[in-house]
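Since the structure comes first, as structure tokens, the remarks are kept for the end.
As the structure is a prediction and not an experimental result, all values here were calculated from the model. Order of the sequence lines fixes the chain letters, A, B, ..., with proteins taken first and strands second; residue numbering starts at 1 for each chain.
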Amino acid sequence: MITPIELMLFVFVLISAVATALFRDVLASIVVFAAYSLGLAVVYTFYRAPDVGLTEAAIGAGITTVLLLLTIAKTSRPAHEKIFEPINWPAVAVCGGFALIVSSTLFAFPSVGDPNTAAMTNPDVTVYYLENAYEETGVENTVTAVLAAYRGFDTFGEAVVVFAAGVASMIVLGREVFA
Amino acid sequence: MTATLAAIAEPLATIPPFTWVALAALLMLIVPRSLGHAIAALATALVGVQAFIIPTGSYAETTFLGFETVFMYSDPASRLFAIGVGIIATAAALYSWGSNAPKVQTAFALSYISSTVGVIYAGDWLSMIFFWELMAVTSTALVWHYGGDAVRAGYRYAIAHGIGGTLLLGAVVVHFASVDSFLYAAGASDPTGIAPGAAALLAALGIGVNCGFIVLHTWLPDTYPRPHIAASVFLSVFTTKTAVLVMYRAFPDGAMWLAYLGGAMAVYGAFFALLQYDPRRLLSYHIQAQVGYMLAGIGTAALISDAGFATAGGLAHAFNNILYKSLLFMAVGVVIYRTGEEDIRNLGGLWKVMPLAFVAYLVGALSITAVPGFNGFISKGMVIDAAHEVKLFPLLLGEDLLWWLLILGGVGTFMSFIKLGYYMFFHGSSDISPKDATRGQIVAMTLASGFCLYYGVAYGSLFELLPHAAEWVPDAKPYSTGHLTESAILLTAGFVGFAVFKRPLGWLAHVMRDVDVVTVPAVFYTGRAFVWGVTEGWAAVDRAVMSTIASLKRLGSNPEGTARRLGFGTDEEPIQLRSGIARSMFVLTAMVAGAIAILLFG
Amino acid sequence: MTDGSVLGLITTRYAYLVVVFVATVGLYMMIANQNLVKKLIGLNMFQTGIFLFFITSAYVVDGSSAIVPADGAGGPFASPLPQVIVLTAIVVGVSLTAVGLALIIRLYAEYGTLRADALREVIADE
Amino acid sequence: MSDVFLPLLVAIPIVLSVVPLIAGLRYERAGWPIAFVGSITVTAIAGYVAVTIASSGRLIHALGNYPQPYGIELVGDELSALVALLIAIVSLAVLLYARTAGPRGNAFYSGYLLLTGGLFGVALTGDMFNLFVFLEITSLVTYALVASDRTSGKAAYAAFKYVFLGTVGASMYLLGVGYLYVATGTLNMRDLQEAIASVGYGDPIVQAAFGFILVGFAIKVALFPLHTWQPDAYTYAPDSVSAYISALVSTASAYALIRITYGVFTQSFLEANDLIVTAILVVASVSIVVGSLLALMQTEVKRMFAYSSVAQFGMIVAAIGLANETALFGAILHLLGHGLIKAGLFMAAGVLATAYGARTVTDYAGLSRRSPYAVGGMTLAGIALIGLPPSIGFLGKWFMALGAVEAGAWGVAAVIFASTMLTLAYVFRLVEMLYFRSPSAARTDESAAVEVPDASTDGVAAPDGGSIDRVTVAQVAIVVSIGITVIALGFSWELFADYLDPVLGRFFA
């Protein structure tokens with residue numbers, strides 16, 4: 001069952017998400033989106049993923065917001081009289097349909113926090129990591145062990161993505177931006 | 001001695017003949033011209049020799065593209081055609097040598113022969129269609145190589161054969177789907193033909209393009225007059241006659257529509273031939289007419305009790321046609337080669353200065369017009385005899401419509417060859433004095449003429465090559481009084497017809513000079529020419545087809561213009577369904593929802 | 001364990017519903033908002049929905065985060081694998097955002113607008 | 001031991017990609033030689049791997065010595081080896097082409113190497129999430145390369161649109177992977193195959209996962225109506241980039257779709273969900289027809305080729321949906337063949353655009369006389385695109401059509417046939433222009449004739465017999481050799497059939 005903390009967090013996340021979509025002013029939108037990211041970071045931490053929460057706070061709420069603000073500074077922030085965007089009803093309809101259909105798959109899902117799901121009990125993956133990570137890698141934090149050792153190749157890829165983003169920006173904008 | 005012979009014969013009986021010819025085509029590119037042509041003649045002659053050596057049955061069975069295929073399927077029909085190709089390809093190679101044909105052209109011609117032989121010996125639909133498409137490519141290359149006008153014509157030729165080939169390919173695929181095998185004789189001792197239904201329809205249309213069915217024939221007179229004279233000799237015989245063979249493979253038991261369509265082609269082709277003044281174009285229309293006889297023979301098999309005889313007649317006519325039609329193209333080619341003139345009204349009186357070309361022409365003309373003593377008499381007589389027994393739509397004298405069509409076509413053929421000979425060789429006196437044929441051309445024409453005469457006189461040796469020979473040979477009497485009388489009447493009618501209609505013909509031909517330029521008005525005047533029995537109905541069909549082809553061509557060459565006329569896109573921005581991010585995401589969202597809904601609730 | 005009714009869905013799989021909702025809002029933003037920057041925010045939001053999905057799948061009620069001491073005591077633990085995936089995916093996401101923003105700057109320099117509809121008009125006229 | 005070459009294929013280009021940037025601080029032209037060395041090396045390795053697999057079966061490399069399903073593994077089987085070889089060869093060809101054609105700059109060569117490494121990663125990885133990472137690496141670099149022509153705003157907009165569709169596509173894929181993880185708890189492909197079978201093919205989570213993954217890849221391979229990013233991207237990208245991405249990026253995604261459909265979900269899943277198969281066939285068929293029709297309508301040559309890709313990938317997806325061995329064999333052949341053909345066509349278009357400023361069909365009038373070799377290569381590739389025998393295009397279409405007939409999907413066979421006719425029409429339209437029109441005739445012929453862009457006015461090509469400036473012999477040679485290769489491969493079906501037999505055997509066990 002849902003706990004009051006979860007309820008509060010989720011309500012906050014939902015409201016900030018909708019507000020991000022509806023605020024007409026881009027700056028306001030960015031700020032609310034930063035708040036949304038922070039909210040999510042807290043949710044992650046509550047869901048026993050402190051590393052992810054920290055990363056989300058730093059990257060999602062931090063770097064992304066800075067990048068967005070920089071872009072606004074380099075381009076323009078059109079002035080608006082109205083506070084909210086008009087609602088695009090066809091978009092609402094198709095998104096609503098999407099949401100309903102995807103939600104209908106959730107009937108087959110395990111409850112939130114159920115310890116007996118396929119994912120949690122897979123002896124070769126989750127259970128194996130939890131039981132053997134320390135022995136094999138010497139790290140107490142299993143997340144770090146998986147990140148650095150078992151799935152080190154993903155982490156290598158992650159580094160490559162960051163490098164690629166740098167190269168991509170250079171190609172797109174020309175070198176002078178970074179010079 | 002016998003052992004040596006057997007040692008030679010064994011590879012000849014097992015290695016598919018098209019390999020020699022393909023090899024010769026490659027050699028042609030590196031050796032000197034004369035040596036190359038000698039090799040070419042030998043390789044093609046070997047095809048004819050091999051035809052006698054390969055015993056009946058299936059050989060060179062293998063898997064190709066993952067299916068059981070037979071590269072060497074020898075039955076009376078394939079043997080007959082292989083002999084014909086052997087003789088004429090050899091003659092044509094010599095003719096090329098004697099006509100200053102560049103060696104690259106002859107190399108293309110050899111690759112074309114090679115794929116033709118591949119089709120002839122194919123024992124299954126898959127290898128057949130493979131060589132069939134290869135034929136289209138190599139023959140296009142042969143046309144193209146000449147450059148100039150031939151290039152545009154070759155382009156249209158390629159499109160026609162591309163479409164035909166694709167239709168036939170469709171037929172083959174459908175056939176496979178219903179029979180689950182590509183072999184001609186899948187699960188049966190005798191070939192059963194193409195599967196009925198969609199496969200048969202597609203096959204009829206696809207093969208029909210190559211056969212020159214009326215309305216599918218336009219490529220034929222368009223292409224053959226244009227390339228090098230030696231190239232025309234190759235082209236004139238192999239594509240259309242191979243198509244007849246494949247038609248026989250598809251419908252071994254004949255079909256009513258095939259018989260009557262053949263009859264109609266005989267008349268249509270002969271009529272249009274009559275109007276031509278370009279000698280090679282005239283001959284090209286005769287290809288259509290003659291193919292008409294062959295198809296009539298093959299088709300008639302379904303209509304009469306003596307089916308084997310009708311089939312044999314159709315195939316025999318194809319064989320004879322290979323011989324005399326190439327002879328005619330050679331003779332006419334010599335005239336063009338020496339005079340550079342392609343309008344027969346500007347010629348005349350040449351028989352004195354070019355006696356050899358004249359004699360060759362005469363032999364060819366007498367063969368095609370079925371004069372007794374020449375091979376055309378034998379086989380055309382067989383087809384007409386078979387039609388004599390058909391009693392579906394009796395007209396005058398108790399003879400069937402089919403019979404009358406064939407007779408009418410025969411008269412028309414005769415008239416047009418009198419016309420061609422008259423204009424080229426008589427018709428006033430010659431004011432030019434070109435040389436006669438070259439040595440190579442003489443050898444080639446002698447070879448072809450010799451066989452025309454041989455099979456006209458020693459018809460027994462032709463009969464024994466034909467399928468179902470045992471069933472009908474004992475009753476076949478080509479030189480019976482009845483046949484000779486029939487022939488005499490036919491020939492007289494031809495002479496009288498030419499004498500009477502020479503002037504109106506000239507007028508008609510004047511207003512219908514070039515089919516390409518004035519097809520539509522030609523069709524209009526055709527409507528007036530009731531004399532010739534051409535009905536307005538044909539004209540309407542021809543017009544409709546012509547305009548369809550024209551509009552298809554327009555669509556193909558300027559599709560965006562067509563789209564604009566239909567209301568899509570503008571000049572500035574051609575139609576391209578360019579949507580922005582928002583619409584793309586909208587569609588995407590809907591697609592995801594749709595896919596999952598289908599998976600969950602499907 | 002799981003309840004097939006709609007009420008059961010809401011009470012026991014609420015976090016997944018939030019995932020769907022957030023992702024849908026992201027999609028909506030990409031469709032309906034004309035400002036390119038906001039579209040990009042929508043893209044981000046769509047991705048965060050997926051991150052939440054993975055984190056939820058790793059969560060165990062009354063468990064602790066996946067820091068297992070040497071003696072293996074404690075537990076139950078949250079599953080480490082989805083958390084690793086999200087860590088990587090967050091970095092991938094911000095990289096994409098950076099490239100997208102670079103492109104926005106290029107487009108603005110070229111056409112002087114950030115509105116998708118105006119941009120399409122200008123490009124079509126070009 | 002040969003399996004260590006698998007990670008090398010991925011790592012060498014990626015590690016090398018750092019070098020041009022560093023070397024670029026001192027040497028302005030360091031990029032190309034470095035990329036060339038990398039490209040040659042990986043081509044040799046890819047060739048060696050392909051040969052090794054033929055003799056000793058598939059190679060599996062557990063990264064960091066953590067076996068599956070604990071760690072990530074790279075799998076080199078017959079299929080991935082062929083795709084890797086295609087990537088290596090086309091990369092090398094494009095690199096040789098790009099030496100003079102540009103785009104210049106060390107950042108471009110860094111991007112090029114990253115893209116190559118990323119594509120190898122997609123081809124070789126045996127892990128679902130790792131596939132996502134490599135897909136994103138390739139996408140990210142592709143976005144940038146599309147926009148690498150800094151003078152074109154249209155290119156930037158095309159790239160921006162591609163960012164959205166590409167990222168959402170990848171995210172859909174990731175969501176699908178998440179669903180699979182919830183259902184099974186594992187991410188390794190070989191492990192998942194068994195896990196999904198035990199969960200059941202009718203499980204809603206598994207079904208939804210397939211839906212997400214399918215649509216994700218449908219975007220990446222540009223299936224109609226999700227293709228909207230593709231024509232703009234291919235048209236406005238620089239010529240070298242168009243050649244590279246049209247040949248490889250969608251190809252890698254289609255490969256991944258094949259691998260996941262048959263290696264993870266398996267044929268039994270498709271059999272259990274026949275309605276989605278029908279949906280795939282319908283959408284793919286529409287894609288084939290609409291793509292071909294739109295290609296026929298275009299005046300701009302690169303855009304014509306772009307729409308042609310929509311049709312070709314439609315065919316490949318249709319063949320995937322047909323779920324029989326013949327069709328899939330055809331799909332793989334067509335995948336490889338299409339990669340080569342499109343690389344050749346786009347490079348040929350690039351040569352003609354560089355030399356004569358010719359970018360529209362009308363501009364192509366009579367170019368065969370001025371540039372016989374490049375046009376010859378283009379024509380050969382065009383013939384292969386139509387699928388005339390003998391050519392690799394014929395083999396692919398033939399087996400796909402045959403597979404359709406075997407599966408009783410007459411509609412698909414008919415659509416492939418119709419598309420062949422349309423392809424014939426638009427390729428022959430080009431051929432006719434190139435060979436049979438004189439430039440002046442074409443101008444007066446079509447009122448909508450577009451003036452030659454500025455490119456040709458700055459000093460190239462006098463109207464008659466002008467020489468080709470700025471186009472090197474190497475570029476023309478590459479176009480010609482690709483043309484010859486795609487025709488020559490038409491004789492190779494038995495080779496491919498033997499080579500692919502083990503992997504097809506595994507897919508259709």
Side-chain angles (χ1 to χ4, degrees), chain A residues 1-2 10 14 17-18 20-21 26 29 33 40 44 47-52 55-56 59 63-64 67-68 71 74-76 85 88 91 95 98-99 102-103 106-107 109-115 119-120 125-126 129-130 134 140-143 146-147 151 154 158 161-162 165 168-169 172-173, chain C residues 1-2 4 9 11-18 20-22 24-25 27-29 31-33 35 37-38 41 45 48 55-57 59-61 63-70 76-81 83-84 86-88 90-92 94-95 97-99 101-106 108 114:
Chain A
M1 282 301 282
I2 191 163
F10 282 140
L14 291 180
V18 174
T20 311
V26 182
S29 212
F33 184 62
L40 269 188
Y44 295 162
Y47 274 1
R48 315 297 188 266
D51 313 74
V52 184
T55 313
E56 175 68 22
I59 291 182
I63 295 179
T64 306
L67 286 175
L68 287 168
T71 310
K74 272 190 166 279
T75 59
S76 75
E85 298 254 8
N88 179 334
C95 289
F98 171 85
V102 175
S103 300
L106 299 181
F107 286 110
F109 269 60
S111 309
V112 173
D114 183 348
M120 300 305 294
V125 185
T126 300
Y129 287 145
L130 290 172
Y134 183 78
E140 283 192 354
N141 187 337
T142 323
V143 174
V146 175
L147 191 69
R151 299 189 67 93
D154 277 348
E158 179 186 328
V161 169
V162 176
S169 304
V172 170
L173 291 175
Chain C
M1 235 3 195
T2 51
L9 188 72
T11 51
T12 61
R13 278 149 283 180
Y14 46 88
Y16 292 113
L17 283 172
V18 173
V20 174
F21 187 84
V22 168
T24 309
V25 171
L27 282 175
Y28 174 84
M29 286 182 78
I31 299 171
N33 286 352
N35 188 296
V37 177
K38 287 193 69 181
I41 295 175
M45 193 178 286
T48 54
I55 297 297
T56 308
S57 74
Y59 169 60
V60 180
V61 176
S64 48
S65 54
I67 299 170
V68 187
F77 299 104
S79 173
L81 184 55
Q83 301 189 2
V84 172
V86 174
L87 281 174
T88 307
I90 287 177
V91 176
V92 172
V94 74
S95 304
T97 310
V99 175
L101 290 171
L103 281 167
I104 288 181
I105 293 173
R106 258 280 295 281
Y108 185 76
L114 284 184

Requested in this report: Determine the option with the most heavy-atom pairs under 4.5 angstrom with chain C, choosing from A:Val143, A:Thr75, A:Thr55, A:Leu147.
Outcome: A:Thr75
Report task. Considering non-hydrogen atoms only, spot the tightest contact between A:Arg48 and C:Gln83 and give its length. Result -> O-NE2, 2.9 Å
Requested in this report: Only counting residues at least two apart or in another chain, list the ones meeting side chain to side chain contact (heavy atoms under 4.5 Å, CB included) with C:Val94.
Outcome: A:Ile59, A:Ile63, A:Thr64, A:Leu67
Report summary line: Answer key: most heavy-atom pairs under 4.5 Å with chain A among C:Val22, C:Ile41, C:Val99 is C:Ile41
Report task. Go through the atoms of A:Phe10 and report whether side chain, backbone, both or neither lie under 4.5 Å from a heavy atom of chain C. Result -> side chain
Query raised in the report: For C:Val92, is it the side chain, the backbone, both or neither that has a heavy atom under 4.5 Å from a heavy atom of chain A?
Result: both
Query - Heavy-atom contact with chain C under 4.5 Å, split by part of A:Tyr44 - result: both
**Report entry** Contact class of C:Met45 relative to chain A, heavy atoms under 4.5 angstrom
**Finding:** both
Requested in this report: Enter the distance from A:Leu173:CG to C:Leu103:CG here, rounded to the nearest 0.5 Å.
Outcome: 7.5 Å
Query raised in the report: Got a second to check how far C:Leu9's CG is from A:Phe109's CZ, nearest 0.5 Å?
Result: 10.5 Å
Report task. Using a cut-off of under 4.5 Å on heavy-atom pairs, state which of A:Val161, A:Val172, A:Thr71 scores highest against chain C. Result -> A:Val172
**Report entry** Backbone of A:Asn88 reached by a side-chain donor or acceptor of C:Tyr28 within 3.5 Å
**Finding:** yes
Report summary line: Given the options A:Val102, A:Leu106, A:Val112, A:Leu14, C:Leu17 meets side-chain contact (heavy atoms from CB on, under 4.5 Å) only with A:Leu106
**Report entry** Heavy-atom pairs under 4.5 Å with chain A, option from C:Val37, C:Leu101, C:Val25 with the top count
**Finding:** C:Leu101
**Report entry** Which portion of C:Phe21 sits near chain A, non-hydrogen atoms under 4.5 angstrom
**Finding:** side chain
**Report entry** Region of A:Leu40 that comes under 4.5 Å of a non-hydrogen atom in chain C
**Finding:** side chain
Requested in this report: Could you check which of C:Asn35, C:Thr97, C:Ile104 has the highest count of heavy-atom pairs closer than 4.5 Å to chain A?
Outcome: C:Asn35
Report summary line: Heavy atoms of C:Arg13 and A:Pro110 approach each other most closely as CG-O, 3.3 Å
Query - C:Phe77 CZ to A:Met120 CE distance, which is reported to the nearest 0.5 Å - result: 10.5 Å
Query raised in the report: Is the backbone N or O of C:Ile90 less than 3.5 Å from a side-chain atom of A:Glu56, with the two atoms forming a donor-acceptor pair by type?
Result: no
Query - Part of C:Thr56 lying under 4.5 Å from any heavy atom of chain A - result: both
**Report entry** Sole candidate of A:Val125, A:Val146, A:Thr126, A:Leu130 that passes side-chain contact (heavy atoms from CB on, under 4.5 Å) when paired with C:Ser79
**Finding:** A:Thr126
